[in-house]
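Below is one structure, written out as structure tokens; comments come after it.
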Amino acid sequence: MTTDPVGFAEQLGLPGLMDLHTHFLPPRVMAKVRAQFDEAGPLIGRAWPLRYRADDDVLVDVLRSFGVRRFTALPYAHKPGMAEFLNDWAAGFAERVPEAAVCGTFFPEPDVATYVASRSATVRVWKVHVQVGAFTVTDPLLDEAWGLVAETGAPVVLHAGSGPVATEHTGPGPVAALLARHPRLRLVIAHAGAPEYAEFLALAEAHERVALDTTMAFTPFFEEMAGRYPATLLPRLLDLGLAGRVHLGSDFPNIPYDYGVQLAGLAGLGLGEEWLRKVCWDNTAALVG
């Protein structure tokens with residue numbers, strides 16, 4: 001199967017691709033993110049030569065040229081007082097770019113429930129990154145905000161797996177505790193939960209509103225860090241995807257290889273064209289439109 005994104009979608013009979021995990025950030029913030037990748041910072045742990053590096057207009061056009069019809073900005077706050085700046089910027093980005101879902105983020109701080117409530121009518125996808133933010137999802141400051149998000153049903157793309165570098169805040173344990181407290185949360189576990197693939201897959205199976213995204217998983221680059229996805233889990237991943245709860249993600253533009261490498265990784269799993277159609281279009285269309 002071709003890994004040209006347009007040809008890949010055409011071979012599946014799809015009108016294009018839907019990518020639930022892409023990043024667009026304010027220019028100064030993106031510059032700092034790129035510097036972390038360039039320097040192989042402490043949360044990255046290895047050389048990470050970015051394949052795509054340009055301003056937003058160019059990067060949006062690149063996604064359009066790949067036939068990506070729906071994508072996200074996924075800002076994430078790493079300190080108090082930053083989330084609402086990012087949320088304002090992401091709302092403006094979605095106004096300028098019709099393919100972009102309105103995204104938001106939140107951080108454990110005293111006013112988090114207030115601004116989450118004010119954004120709940122418009123945000124289609126939330127992003128939380130516990131590794132970068134250096135907080136645990138069960139932080140008491142977040143409890144009311146999690147309840148609000150669970151009530152609205154908007155998905156949260158949650159980076160809680162211990163890849164690429166484990167911290168005291170990562171891993172499936174805190175997420176299981178969060179779901180025990182807020183079982184109606186609609187979580188999308190980024191990177192298929194790497195490297196705790198089995199544990200996060202089990203959480204998704206146990207909670208009807210929990211899903212996985214494919215971001216960087218199944219690519220040679222990521223397998224060097226997080227290990228190969230266990231073949232014994234593939235039948236369960238097949239079932240979860242057919243049930244609507246596996247989503248294409250790429251991490252574009254912050255990837256060190258061509259966009260098609262992710263698609264090749266998915267096709268190489270041998271889970272069939274129906275699964276690929278669900279993952280690359282149907283499931284995300286149902287989630288965010």
Side-chain angles (χ1 to χ4, degrees), residues 21-23 25 29-48 50 74-83 86 103-110 112 126-143 145-146 149 155-182 185 187-204 207 210-219 221-230 249-251 254-256:
H21 195 139
T22 60
H23 290 288
L25 298 166
V29 178
M30 183 63 92
K32 291 181 179 180
V33 169
R34 288 171 176 161
Q36 286 295 308
F37 284 109
D38 291 343
E39 297 163 10
L43 296 181
I44 296 167
R46 61 164 296 175
W48 198 296
L50 297 176
L74 297 190
Y76 47 91
H78 68 278
K79 62 182 180 180
M82 186 178 184
L86 293 171
C103 295
T105 190
F106 50 92
F107 190 87
E109 52 196 336
V112 58
W126 296 96
K127 169 67 175 180
V128 171
H129 199 317
V130 301
Q131 183 197 44
V132 172
F135 62 86
T136 302
V137 291
T138 54
D139 189 310
L141 286 170
L142 291 174
D143 191 59
W146 285 123
V149 173
V156 183
V157 176
L158 174 63
H159 186 142
S162 298
V165 177
T167 75
E168 62 184 297
H169 308 291
T170 60
V175 180
L178 174 66
L179 288 166
R181 172 77 173 159
H182 298 285
L185 271 171
L187 301 181
V188 180
I189 305 300
H191 306 283
E196 293 101 345
Y197 294 119
E199 293 89 340
F200 279 109
L201 177 60
L203 278 177
H207 296 84
V210 177
L212 309 174
D213 79 29
T214 68
T215 305
M216 297 192 77
F218 321 114
T219 68
F221 180 87
F222 208 63
E223 287 174 350
E224 291 177 8
M225 297 182 292
R228 183 179 293 273
Y229 196 87
S250 67
D251 238 351
N254 300 323
I255 51 177

Does T138 offer a backbone N or O that forms a donor-acceptor pair with the side chain of T136 under 3.5 Å?
no
Would you say the side-chain atoms of T215 and H191 include a donor-acceptor pair closer than 3.5 Å?
no
Closest non-hydrogen contact found for W126 with L74 is O-CD2, 4.4 Å
Please name the pair of heavy atoms, one in S250 and one in I255, separated by the smallest distance, quoted to 0.1 Å.
O-CG2, 3.1 Å
Say you draw a straight line from CG of L187 to CZ of F200; how long is it, rounded to the nearest 0.5 Å?
9.5 Å
Kindly indicate whether the side chain of P75, heavy atoms from C-beta on, has any atom under 4.5 Å from the side chain of M82.
no
Separation between CZ (F106) and NZ (K127), nearest 0.5 Å, reads 11.5 Å
Looking at T214 and G249, what are the two nearest heavy atoms and their distance?
OG1-N, 3.1 Å
Please walk me through it: do L212 and Y197 pass side-chain contact (heavy atoms from CB on, under 4.5 Å)?
CA-CA 10 Å; L212 309 174; Y197 294 119; over 6 Å; no
Straight-line distance of H182 NE2 to L142 CG, nearest 0.5 Å:
9.0 Å
Is V130 close to L158 at the side-chain level, that is, under 4.5 Å between some pair of heavy atoms?
yes
In terms of heavy-atom contacts, A176 and L203 come closest through CB-CD2, 3.9 Å
So how far is it from R34 CZ to E39 CD, rounded to the nearest 0.5 Å?
14.0 Å
Run the numbers on Y76 and V157 for side-chain contact (heavy atoms from CB on, under 4.5 Å), then give the verdict.
CA-CA 10 Å; Y76 47 91; V157 176; over 6 Å; no
Nearest heavy atoms of P195 and G163, plus distance in Å:
CD-N, 3.3 Å
Roughly how far apart are E109 CD and L141 CG, rounded to 0.5 Å?
8.5 Å
Derivation of the side-chain contact (heavy atoms from CB on, under 4.5 Å) call for F222 and D251
CA-CA 12 Å; F222 208 63; D251 238 351; over 6 Å; no
Separation of H129 NE2 from H23 NE2 (nearest 0.5 Å):
6.5 Å
Does any donor atom in the side chain of D213 or H21 lie under 3.5 Å from an acceptor atom in the other side chain?
yes
Any side-chain heavy atom of L86 within less than 4.5 Å of one from F107?
no
Short side-chain to backbone donor-acceptor contact, Q131 and T170, under 3.5 Å:
no
Which heavy atom of H159 sits nearest to which heavy atom of A190, and what is that distance?
CA-CB, 4.0 Å
Would you call the rings of W48 and F221 parallel, tilted or perpendicular, where under 30° means parallel and over 60° means perpendicular?
perpendicular
For atom CZ of R46, decide whether the heavy atoms of other residues, nucleotides or ligands shown that lie under 6.0 angstrom number more than 12.
yes
Kindly indicate whether the side chain of N254, heavy atoms from C-beta on, has any atom under 4.5 Å from the side chain of L50.
yes
